[in-house]
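Below is one structure, written out as structure tokens; the observations come after it.
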Amino acid sequence: MPANRESLLAGRNQQPLDLKEVRRALSAFIGFEPKAPVRHEPGARTRFRVELGEGEEEVVEIVFGSDIYPGPGIADPNSSLSMEAAAAHELTHWRRWTDKTELVEDDLLEIDEALTSLEAAIRYGEKLSPHDIRQLIADAIQRLQIYSGKKQAVR
């Protein structure tokens, strides 16, 4: 996944997180992957990022903001992904980057997102609820529909 590409769509939580909500989210990330590079950044959009830091050193981390939690609407599967499912999705971006299996081409963004949600359901399925797994699969279907709609519009 190219650096700083946000993977959660609009419609998610926009209210600032209190300390209890930040700790709950961090606990979820750590529960899935104890050594994952995760940090909270108030006001940030949740994303997996890879950037060059000081001294040309690579900075690899998952940054999460208030949108790690679902939004009030049920407009689409992504907006209603639970915090745990969203954390699993972001962790899977990190794992796919580590494994060199992510798709980095801009025109394959939605395919990469779909694959990430499907892999998250498989990779963390034993730690996710059946509902979270269904949400991740629904998110993958939505991403494939978005991709298909974009391809139809180009024709």
Side-chain angles (χ1 to χ4, degrees), residues 1-14 25-26 28-30 32-71 73-128 131-155:
M1 173 175 201
N4 277 324
R5 196 157 67 182
E6 299 158 356
S7 62
L8 298 175
L9 300 174
R12 298 195 53 84
N13 178 56
Q14 296 301 310
L26 280 171
F29 279 107
I30 292 167
F32 290 129
E33 293 280 352
K35 295 184 180 187
V38 179
R39 71 178 175 86
H40 174 251
E41 183 178 307
R45 292 285 311 266
T46 300
R47 67 196 182 280
F48 169 68
R49 74 181 194 106
V50 179
E51 293 180 347
L52 288 180
E54 293 181 28
E56 298 298 307
E57 186 177 318
E58 245 182 3
V59 175
V60 178
E61 66 183 348
I62 297 166
V63 175
F64 73 91
S66 59
D67 63 341
I68 193 69
Y69 285 90
I74 54 169
D76 59 62
N78 187 274
S79 65
S80 62
L81 274 179
S82 72
M83 179 271 295
E84 291 83 2
H89 178 95
E90 295 305 320
L91 286 164
T92 302
H93 274 302
W94 170 57
R95 284 295 182 188
R96 293 186 73 225
W97 175 83
T98 300
D99 296 342
K100 301 190 181 315
T101 59
E102 84 274 61
L103 304 176
V104 296
E105 296 83 7
D106 285 339
D107 61 331
L108 297 178
L109 167 65
E110 301 303 340
I111 300 293
D112 184 65
E113 292 294 338
L115 290 171
T116 300
S117 281
L118 291 172
E119 188 174 323
I122 293 168
R123 182 181 292 273
Y124 302 108
E126 292 180 8
K127 295 181 179 183
L128 291 167
H131 179 70
D132 289 338
I133 293 168
R134 285 190 298 273
Q135 284 185 313
L136 286 163
I137 293 168
D139 179 61
I141 291 168
Q142 177 188 14
R143 299 305 187 126
L144 294 172
Q145 290 169 335
I146 292 170
Y147 176 80
S148 178
K150 287 179 181 176
K151 288 296 177 187
Q152 293 295 330
V154 171
R155 289 184 184 174

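Taking 4.5 Å as the limit, every side-chain heavy atom of T101 sits out of range of all side-chain heavy atoms of L115. Between R47 and I62, the closest side-chain pair of non-hydrogen atoms is not below 4.5 Å. By the 4.5 Å heavy-atom criterion applied to side chains, H93 and E113 are counted as neighbours. A 4.5 Å side-chain heavy-atom check between L52 and V59 finds every atom pair outside the cut-off. Side chains of F32 and V38 form no contact here, defined as non-hydrogen atoms less than 4.5 Å apart. A 4.5 Å side-chain heavy-atom check between L144 and E110 finds every atom pair outside the cut-off.
In plain terms, the two heavy atoms of E90 and F48 that are nearest each other are OE1-N, 3.4 Å. The two residues T116 and T92 make their nearest non-hydrogen contact at O-CG2, 3.5 Å. Here the closest non-hydrogen pair linking Y147 and D107 is CE1-O, 3.3 Å.
Residues E119 and R95 are not paired through a salt bridge, judged by the lack of any N-O separation under 4.0 Å between the basic side chain and the carboxylate. A salt bridge is defined here as a Lys NZ or Arg NE, NH1 or NH2 lying under 4.0 Å from an Asp or Glu carboxylate O, and D139 with R12 fails to meet this definition.
Residues passing the ring-ring contact (aromatic ring centres under 6.0 Å, His included) test with Y69, sequence neighbours excluded: none. Legend: residues meeting side chain to side chain donor-acceptor pair (under 3.5 Å) with N13, ordered by chain and number and at least two apart, are absent.
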